[in-house]
Amino acid sequence: MPDSPLSDEALAHSARLQALIREQIAAAGGAIPFWRFMELALYAPGLGYYSAGATKFGEAGDFVTAPELGPLFAGCVAQALAPVLRELGKDARLLEIGAGSGRFAEHAIARLLELDAMPARYAILEPSADLRQRQREHLSRCLAPPAFDRVEWLDGPMPDDWNGVLFANEVIDALPTPRFAIRGGEVFEEHVAFDDGGFVRSERPADALLAAAVRHVERQLDAPFAEGYRSELLPQLPYWLQAVAGGLKSGAMLFVDYGHPRREYYDPRRGDGTLRAFHRHRVVDDVLARVGLQDITASVDFTALAEAGTGAGFEFAGYCTQASFLIGNGLEQCLAAHEARAADEAARYALRQQAKALTLPGGMGERFQAMGFARGAGFDAAFLLGDLSFRL
C-alpha cells in the first residue's frame, strides 16, 4: 500500500530545514560532510527529525522500539541493573541516554521499585527539547510523586563524579556518522551537495582522523577494502562514550542496539554500508530525501564499541543478542508476573506476542544486541546466556 501524501504542514517544515542545510552547504563552499548533513537532518533545533514535534515512536510514528512494545524489555533490563545499583548503595544513580517517549523509564522505575533497587536519581540526557517535554508529561502522569521526584533531565553528562549505571537503547545508531569510500586505493569522505533541486552525494579526500580509522579497520580485517567500497565509520565513538559517561567512578554501562561485529559489519558483500532511513515503518534507501520527516540510521560496529569502552578504562562485561540478554535476565518470570496481573485473556495474549517480538531470531531477538561494561562493580552475570564475545 503506498504512503499517504505528506501534509502541506510537513512539506513546509521539510522545506525550512532544506533551506537551512543549503545555507550550510553554501557557507562550506558547496558541500558538507555527510555526518554534518545527518546531524542537521536529525537534530537541527526546532527543525530536525528528533527536535521537531512529529510523532516518532510507535504505530503512529516511523518505527517501534523495544520499550514501546510494553513493559517486558524495561523489566528485564531493570532486573539486570538492579544488582549493580544495590551493590553501589543508596547514592547510586541511573543515567538513561535518549529516553524516547519515556516508556522505558516508566517501566524500568516500576520494576526497580519492586526490586528495592530504585536509584537516588534517575537522570535522563535528552538532546531534543520536544522529546524532553513529552517524557516529562508522560512520566508525571504514570509515576507516583515519590518516584517522579527522583527523575531529572540533564543538559549534558553528569556534572560531577558519580556511581551508578548508564543505559542507552538505540542511541549509537543515531549518532551522526562519517561515510567513507575507497577510490584508487585512497580514503575519501562522503559529502553532501545541492544540485538540480535536491541533495546529492559527493566525495572529497578524507581527513587524517577518518583515514587512520579506516586503515585501522583494514588491518584488523587482514585485507584492504575493495575499490569503490563504501560504508560508515565512527572515529569519534570513543570520545562520545567518555563524554556521556563523564565522571562515572564505579558502576556499569549497558548499550542495546542493532549492528554487527566488525568482520560482519564490513563484509565485502555489504559494499554500500548499513545506512538507511525509516519513514512510516518502511526502510527508505534515499537518506537524503524528506529531510526532517524521516529517521536516518546506521548499524553499530560492536567491535568498535568494545574498543571504546575498554579504551575508556572500563572492563568488558559481555556481549550477546537481545534475546539471550532478556531471557537470561528474567523474561520468563517477568512475563508470568505481568500475565498474572493482566485483566483478561486478550491482555495475556498481547504480552506473549510482545515477548515473541522481543526475542524471535528473525526480528528484534538477533538483530539487536546488548553489550556491557563495568568498573568497580559486578555486571558479568547479566551476560551469562549466549555469549558472543568470541565474534568480536
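FYI, the numbering just counts along the sequence from 1. Computed from a predicted model, the values in this text were never measured in an experiment.
- Side chain of H260 to main chain of S299: no donor-acceptor pair is present (N/O by atom type, distance under 3.5 Å, no hydrogens or angles).
- The closest side-chain donor-acceptor pair between E68 and S101 falls under 3.5 angstrom.
- Looking at heavy atoms from C-beta onward, L72 lies in side-chain contact with C334 at the 4.5 angstrom threshold.
- Counting heavy atoms from C-beta outward, M158 and D160 have side chains that approach closer than 4.5 Å.
- In this structure, L288 and R201 have side chains that are in contact, with non-hydrogen atoms separated by less than 4.5 Å.
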Original post:
Would Y49 and Y43 satisfy ring pair (Phe, Tyr, Trp, His ring centres under 6.0 Å), going step by step from the backbone distance to the final call?
Top reply: CA-CA 6 Å; Y49 178 78; Y43 303 109; 9.3 Å; no
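- Taking D267 as the reference, R269, R270 meet the side chain to side chain contact (heavy atoms under 4.5 Å, CB included) condition, with sequence neighbours excluded.
- With F188 as the aromatic partner, R183 does not meet the cation-pi criteria of under 6.0 angstrom to the ring centre and within 45 degrees of the ring axis.
- Placement of L233 and V287 in two distinct hydrophobic clusters is found when ILVMFWY residues are connected by side-chain heavy-atom separations under 4.5 Å, directly or transitively.
- Side-chain atoms of R204 and E189, non-hydrogen and from C-beta on, never get closer than 4.5 Å to each other.
- Under a cutoff of 6.0 Å and an axis angle of 45°, R136 and W153 form a cation-pi pair.
- Annotation: side chain to side chain donor-acceptor pair (under 3.5 Å) contacts of R348 (sequence neighbours excluded): E345.
- In this structure, R262 pairs ionically with E307, as a charged nitrogen and a carboxylate oxygen lie closer than 4.0 Å.
- For D222, the CG atom counts as densely surrounded, since its 6.0 Å shell holds more than 12 non-hydrogen atoms of other residues, nucleotides or ligands.
- Electrostatic pairing of R276 and D286 does not count as a salt bridge here, judged by no charged N lying under 4.0 Å from a carboxylate O.
- Judged as a side chain to side chain contact (heavy atoms under 4.5 Å, CB included), and not counting sequence neighbours, the contacts of R375 are F314.
- Between D257 and R367, none of the side-chain N atoms (NZ, or NE/NH1/NH2) sits under 4.0 Å from a carboxylate O, so this pair counts as no salt bridge.
- Each of F373, F302, F325 was scored for a ring-ring contact (aromatic ring centres under 6.0 Å, His included) with Y319, with one residue passing: F302.
- Contact annotation: the side chain of L95 never approaches that of V165 to less than 4.5 Å [non-hydrogen atoms, C-beta and beyond].
- For the pair E126 and R132, the salt-bridge criterion is not met [side-chain N within less than 4.0 Å of a carboxylate O].
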